[in-house]
Amino acid sequence: MAELNVNIGNLPLKNPVMTASGTFGYGIEYADFMDISRLGGIFVKGTTIQPREGNDYPRMAETPSGMLNAVGLQNKGADYFAEHIYPKIKDIDTNMIVNVSGSSIETYVECAEKIAELDRIPAIELNISCPNVKQGGMAFGVTACGAGEVVKAVRKVYPKTLIVKLSPNVTDIAEIAKAVEAEGADSVSLINTMLGMAIDAEKRKPILSTITGGLSGPCVKPIALRMVWQTYQAVKIPIIGLGGISNWKDAVEFMLAGASAIQIGTYNFVDPTVSIKVIDGLNDYCDRHGFKSVKELTGALNI
Amino acid sequence: MKVTGNYRLHKNYCLLKLTSDENLPEMFPGQFVEVRVENSPTTFLRRPISVNYVDKSKNELWLLIQLVGDGTRKMSEFRLGEIVNIMLPLGNGFTMPSKEQKNKKLLLIGGGVGTAPMLYLGACLKEAGFEPTFLLGARSKDDVLQLNEFQEFGTVYITTEDGSLGEKGYVTDHTILKEVCFDQIYTCGPKPMMMAVARYARAKAISCEVSLENMMACGLGACLCCVEKNKEGHNVCVCTEGPVFNIENLSWQS
């Protein structure tokens with residue numbers, strides 16, 4: 001048995017395997033299928049200070065080895081989360097991390113302040129990379145200046161572990177990562193979805209109500225892996241890698257590229273228990289290769 | 001579950017019979033399952049398929065598949081003995097009338113592959129002592145599926161768009177709707193058909209439940225892709241709040 005525990009800043013994880021925001025609900029939706037407390041963490045659905053209805057249907061389109069989504073941050077708002085959802089999830093024995101989104105610096109700050117009051121939420125993931133909302137979201141995440149500004153403002157009001165989720169829809173992701181590190185982020189998670197599009201040739205119409213949407217799933221994995229590797233060269237803070245992970249081998253690859261922990265997203269829809277299989281597979285891999293701790297994998301790429 | 005039957009009912013439809021070694025959990029009419037199609041990059045997500053029939057004595061589940069794309073085509077090629085990964089049961093079923101309502105006149109309207117859940121609903125209603133009436137709509141007589149099975153559970157009326165079987169036209173044109181005053185309607189089919197049925201039910205003040213088939217990914221209420229607007233105008237997940245809705249709880253007005 002290898003040691004599987006890792007740290008993201010000051011936040012200890014029992015293992016590096018977590019589930020990505022928007023793909024695992026609030027965790028409880030999956031409790032019938034698995035022991036969710038075995039996970040290193042659960043990133044719950046994107047939360048905004050005000051409730052959001054999200055985008056119109058249709059919101060998804062399947063693609064080869066992946067899917068596009070355009071949910072648009074549907075959620076009932078931070079107050080509803082605190083009053084109705086938090087009580088149901090606060091005693092789950094893993095790190096429950098809230099993905100925080102906004103449409104202006106003020107709304108990011110307000111939402112982070114609200115979530116900071118919740119004792120059993122040890123970290124937030126600042127979503128500056130959602131491609132599916134017109135205002136804010138990705139607008140902050142595509143320039144180093146915008147990303148730095150929002151992280152600086154949230155850092156002032158949020159004392160716990162601050163993870164910043166980066167957009168792949170940029171020229172140089174490492175530059176954005178450096179900017180958020182400089183403003184005090186404890187960690188970066190990458191990648192969010194890639195902007196894509198699907199068309200119904202017969203109807204000559206876009207499939208998604210928003211025309212464009214976010215691409216995820218195994219099809220984006222090589223891009224995500226490359227971005228984790230580039231970011232690893234550029235920053236000292238721990239990286240949480242995600243993008244198309246569907247088995248333990250993918251998880252190992254992300255860690256070798258420089259990730260300290262990983263998230264599993266879209267593949268939860270295909271196999272709700274995939275994250276548990278990845279935890280077991282990581283352990284077997286470490287044993288097989290003589291690693292005493294999974295931490296030794298981070299950046300252990302032989303070049 | 002193991003594939004124990006795969007019948008091509010028509011060039012565009014197949015009936016899969018799947019058997020479990022263990023006792024199947026109780027499944028209610030209107031619920032659905034999510035089928036994984038392995039080793040197919042173009043079929044990344046599971047396919048939501050409604051329960052067509054359950055033979056509890058054999059732990060056998062029937063799925064009626066319309067071949068619309070790569071996923072359903074691959075499902076039609078499942079071989080006997082093959083093990084298929086299925087999540088079940090998912091969603092909420094139709095509301096069964098209470099035992100005191102034995103004389104209630106129940107109409108089950110299915111269109112196209114939307115007839116699938118109506119068979120299991122009819123079977124359960126018959127078992128509970130009701131006498132369901134079926135109204136099935138199809139393009140032409142070859143598209144009318146499982147007619148013998150439906151006739152086992154109740155009276156069947158048919159409409160076809162080309163008039164090759166039953167009355168010509170859409171289900172909402174059928175004369176039975178003018179002749180009999182039903183107390184409850186259950187329906188599943190193409191959305192324009194369900195909306196037309198809902199308009200009819202509203203006009204006659206008949207209680208009506210519809211089973212929606214919005215595109216979905218997770219089937220568990222996590223991804224929020226399959227939403228429909230409820231009567232308050234809020235987006236709700238078809239997979240967990242539905243797929244069966246009373247029309248009064250939806251914002252369908254048009």
Side-chain angles (χ1 to χ4, degrees), chain A residues 19-33 42 44-46 51-76 132 198 200 207-209 213-219 244 246 265-274, chain B residues 25 33-48 68-74 84-91 191 195 212-243 245 250-252:
Chain A
T19 51
S21 177
T23 67
F24 211 66
Y26 295 96
I28 40 187
E29 292 87 342
Y30 285 77
D32 284 349
F33 294 92
I42 295 173
V44 305
K45 177 69 191 162
R52 286 182 57 91
E53 276 304 326
N55 295 322
D56 284 344
Y57 180 86
R59 292 177 169 186
M60 66 150 258
E62 194 178 36
T63 67
S65 296
M67 64 180 281
L68 288 156
N69 89 78
V71 172
L73 294 174
Q74 180 180 333
N75 79 98
K76 290 185 174 167
N132 293 326
D200 183 327
I207 293 179
L208 299 171
S209 68
L215 182 65
S216 63
C219 58
S246 59
T266 308
Y267 214 79
N268 289 310
F269 304 154
V270 178
D271 178 2
T273 64
V274 59
Chain B
V33 305
E34 282 231 284
V35 182
R36 171 90 174 110
V37 178
E38 311 274 358
N39 303 318
S40 171
T42 52
T43 314
F44 176 65
L45 297 167
R46 287 171 180 266
R47 291 294 181 266
V68 285
D70 282 349
T72 47
R73 208 162 297 283
K74 292 224 164 61
V84 180
N85 182 325
I86 297 184
M87 276 162 42
L88 62 78
L90 300 171
K191 201 163 183 181
M195 289 180 123
L212 306 187
E213 40 189 24
N214 293 14
M215 284 188 295
M216 56 180 70
C218 71
L220 302 172
C223 71
L224 312 185
C225 286
C226 62
V227 291
E228 187 73 26
K229 287 216 187 295
N230 69 7
K231 67 169 187 285
E232 287 90 20
H234 297 308
N235 286 313
V236 296
C237 284
V238 166
C239 64
T240 48
E241 308 267 328
F245 291 90
L250 293 174
S251 62
W252 292 6

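Keep in mind that what you see is a predicted model, and the values were worked out from it rather than measured. Chain identifiers are assigned alphabetically (A, B, ...) following the order of the sequence lines, protein sequences preceding nucleic acid strands; residue numbering begins at 1 within each chain.
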Between B/Arg47 (side chain) and B/Val37 (backbone), is there a donor-acceptor pair under 3.5 Å? no
Could you check whether any side-chain heavy atom of A/Arg59 comes within less than 4.5 Å of a side-chain heavy atom of A/Asn69, counting everything from C-beta outward? no
Part of A/Thr23 lying under 4.5 Å from any heavy atom of chain B: backbone
Is it the backbone or the side chain of A/Tyr26 that comes under 4.5 Å from a heavy atom of chain B, or both, or neither? neither
Do the side chains of B/Glu228 and B/Lys191 get close enough for a salt bridge, i.e. N-O under 4.0 angstrom? yes
With a 3.5 Å distance limit and no angle check, can you tell me whether B/Arg46 reaches the backbone of A/Val270 through a side-chain donor-acceptor pair? yes
When you compare the side chains of A/Asn55 and A/Ser209, does any donor N or O come within less than 3.5 Å of an acceptor on the partner? no
Greatest number of non-hydrogen atom pairs under 4.5 angstrom with chain A, of B/Met216, B/Met215, B/Lys229, B/Arg36, falls to B/Met215
Which atoms of A/Pro272 come close to chain B, meaning under 4.5 Å heavy atom to heavy atom: side chain ones, backbone ones, both, or neither? side chain
For a quick test of reading the model, state the closest non-hydrogen atom pair linking B/Ala217 to A/Phe269 and the distance between them. CB-CD1, 3.9 Å
Can you tell me which portion of B/Asn214 sits under 4.5 Å from chain A's heavy atoms? Options are side chain, backbone, both or neither. both
Within-4.5 Å side-chain heavy-atom neighbours: A/Lys45 and A/Lys76: no
Using non-hydrogen atoms only, which part of B/Met87 is less than 4.5 Å away from chain A: side chain, backbone, both, or neither? side chain
Structural part of A/Asp56 lying under 4.5 Å from a heavy atom of chain B: side chain
Can you tell me which of B/Thr42, B/Val227, B/Asn235 forms the most heavy-atom pairs within a distance under 4.5 Å of chain A? B/Asn235
Checked A/Gly54, A/Gly217, A/Pro218 vs chain B; the most non-hydrogen pairs under 4.5 Å come from A/Pro218
